[in-house]
**Q** 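This is the structure I have questions about; it appears just below.
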There are 2 protein chains.
Amino acid sequence: MKRIKVSNNVIRRLPRYLRKLDELNEQGVSRISSGELGKQLGLTPSQIRQDFSCFGDFGQQGYGYNVNTLRQDIATILGMDRGFNAILLGVGNIGNALLQNFSFEEWGFSMKAAFDVKPELIGKEVNGVPVLSQEQLSDYLQQNKVDVVVLCVPKEIAVKMTNDLIEQGIDAFWNFTNVELTDPNSDVLVENMHFSDSLLALSYFVSDKADEELARQNRQKRLNNRT
Amino acid sequence: MKRIKVSNNVIRRLPRYLRKLDELNEQGVSRISSGELGKQLGLTPSQIRQDFSCFGDFGQQGYGYNVNTLRQDIATILGMDRGFNAILLGVGNIGNALLQNFSFEEWGFSMKAAFDVKPELIGKEVNGVPVLSQEQLSDYLQQNKVDVVVLCVPKEIAVKMTNDLIEQGIDAFWNFTNVELTDPNSDVLVENMHFSDSLLALSYFVSDKADEELARQNRQKRLNNRT
DNA sequence: TAGATTGTTAATCGATTAACAATC
DNA sequence: TAGATTGTTAATCGATTAACAATC
């Protein structure tokens, strides 16, 4: 499978395909064409076929795609069957919410342990995940395979924490700290969940929409005045 | 200001500029060139100048950009000074975490109220935000200006909830439900925080990196065997 | 003034869309 | 078989990068 350079845009669309295919599966739809899939996702059929063709031939001429097998193929492409291990750092509000609510297993990850400094948390379990002391982290990393670290620590210590971890061999972070960790010159993977970036983009679109509405109304007014 | 069609890519970079400029401000840096800013963000100077030029002339030849005023200009572009009102639906784990932890004010939003169905929550305050009953929602919307709805309700009711709200005039959602709400044919704004999409993209990159490492090792092995 | 750096136009690069032969 | 729909090549479109005159 794959082995060509796949663009970031394509990769970002794969999880959307997966979710849509899951949905279709639930609805009992067993086959779908690029045309129909495109309509449901707001993409062109061409784009969908191009996207898939980065990874192989999943369709059948005259028929389309089998929902179930395509879903599995995309899951494989995304690495969902690789049994990646994750640990979580910082069992505060957001860390806790993730442990309680986010189904890591559903997406192919195994959440092995959480770490914090607060004595009242250590030794507890959150949704079946043991909370260990921050001090145990180094030992833990030496004794266990950890593929991804979920970063939920306070802003202030995020950068130092990350650098320590990188030194200990961690090279993939899921970053909830709203701090820019991305070092342009390193090959450490950082996937950001920047809440504020998302809200501000929405803020822009809302502003823009309001401005346009206003402009439209003003045009209308001028037109009315003229008559 | 503005009034030309600005591409999505540009808009998505604006919040990053803002965060970086805040950081520079804190560090006491008062001016910066597109070259230096580019270096720190992993972008080309050209791109940065192009981005800014969508909205006006913020720089000065031979000098660069004033960190503080540029920061304010970008904040204005993003609509941070428009006093948008938000409400939050669903005070579960994620909704609660947002109310507790996320500083809506910092990004120009005023979080006015939260809504839930659980009797034990209603009437309480979470971090200063009153929790009202779901039943009060319609009345609330009629009596108050609500610019953005933060959706934290369970998956199962997300679509119905959204459609109801759209009928009541809401046209901007910050969506935490991991359900695809985007209707390609409507002009309702939906900004998604799809946790799983983000994790799966990371999963792909981690997989890809592992594959490449493996391929590299195999090449090395073959080379060693040959000698 | 000379040096630096912008804003903007032109060139390049990459991603999306269209078209169509292959084929189920 | 005929109709449908893929995979892929070519054409178009848009975004990024390069270049440079303008100017602080």
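For clarity, every value in this text was computed on a predicted model and none was experimentally measured. Quick note on labels: first sequence line is chain A, next is B, and so on, each numbered from 1.
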**Q** Please check if the side chain of S203(A) supplies one atom and the backbone of L78(B) the other of a donor-acceptor pair under 3.5 Å.
**A**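 Yes, the answer is positive, given that a donor and an acceptor are paired below the 3.5 Å cut-off.
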**Q** Do N144(A) and N85(A) have side-chain atoms, one donor and one acceptor, less than 3.5 Å apart?
**A**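 Not at all, the side chains of N144(A) and N85(A) share no donor-acceptor pair under 3.5 Å.
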**Q** For K145(B), does the NZ atom have more than 12 heavy-atom neighbours from other residues, nucleotides or ligands under 6.0 Å away?
**A**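 It does: K145(B) NZ has more than 12 such atoms within range.
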**Q** Take Q50(A) and F52(B), find for each the nucleotide of DNA chain C with the closest heavy atom, and name the residue whose nucleotide sits nearer the 5' end.
**A** F52(B)
**Q** Output all residues satisfying side-chain contact (heavy atoms from CB on, under 4.5 Å) with R12(B), sequence neighbours left out; order by chain, then residue number.
**A**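 Residues passing side-chain contact (heavy atoms from CB on, under 4.5 Å) with R12(B): A201(A), F205(A), N8(B), E191(B).
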**Q** Could you pull out all residues at least two apart from E26(B) that satisfy salt bridge (charged side-chain N to carboxylate O under 4.0 Å, His left out)?
**A**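 For E26(B) there are no salt bridge (charged side-chain N to carboxylate O under 4.0 Å, His left out) partners, ignoring immediate neighbours.
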**Q** For the residue pair N175(B) and T177(B), confirm or rule out a side-chain donor-acceptor distance under 3.5 Å.
**A**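 Present: a donor and an acceptor within the cut-off.
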**Q** Could you provide the dot-bracket string of DNA chain D, using ( ) for intrastrand pairs, [ ] for crossing pairs and | for bases paired to another strand, with Watson-Crick or G-U pairs below 3.5 Å?
**A** ..||||||||||||||||||||||
**Q** Which is true for Y65(A) with a 4.0 Å heavy-atom rule: it touches a base, it touches only sugar-phosphate, or it touches nothing?
**A** sugar-phosphate
**Q** Which residue is it: F104(A), F109(A), F176(A)? I am looking for the one with a ring pair (Phe, Tyr, Trp, His ring centres under 6.0 Å) to F195(B).
**A** F176(A)
**Q** Looking at DNA chain D, which of residues 22-37 of chain A put a heavy atom within less than 4.0 Å of it?
**A**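 The answer is S33(A), S34(A).
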**Q** Applying a 4.0 Å non-hydrogen cut-off, can you work out what S46(A) is touching in the nucleic acid: base, sugar-phosphate, or nothing?
**A**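 Here S46(A) touches the bases of the nucleic acid.
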**Q** Only counting residues at least two apart or in another chain, list the ones meeting salt bridge (charged side-chain N to carboxylate O under 4.0 Å, His left out) with K112(A).
**A**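 Result, salt bridge (charged side-chain N to carboxylate O under 4.0 Å, His left out) vs K112(A): none returned.
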**Q** Would you tell me whether W174(A) and S198(B) have side-chain atoms, one donor and one acceptor, within less than 3.5 Å of each other?
**A**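 Judged by distance alone, the side chains do pair up.
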**Q** Check this for me: does any side-chain nitrogen of one of R216(B) and E213(B) sit under 4.0 Å from a carboxylate oxygen of the other?
**A** yes
**Q** Reading DNA chain D 5' to 3', which nucleotide is the first, and which the last, to come under 4.0 Å of any heavy atom in chain B?
**A**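 Here the contact window of chain B covers dA15(D) to dC24(D).
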**Q** On DNA chain C, compare the nucleotides closest to V10(A) and S53(B); which residue's is nearer the 5' end?
**A** S53(B)
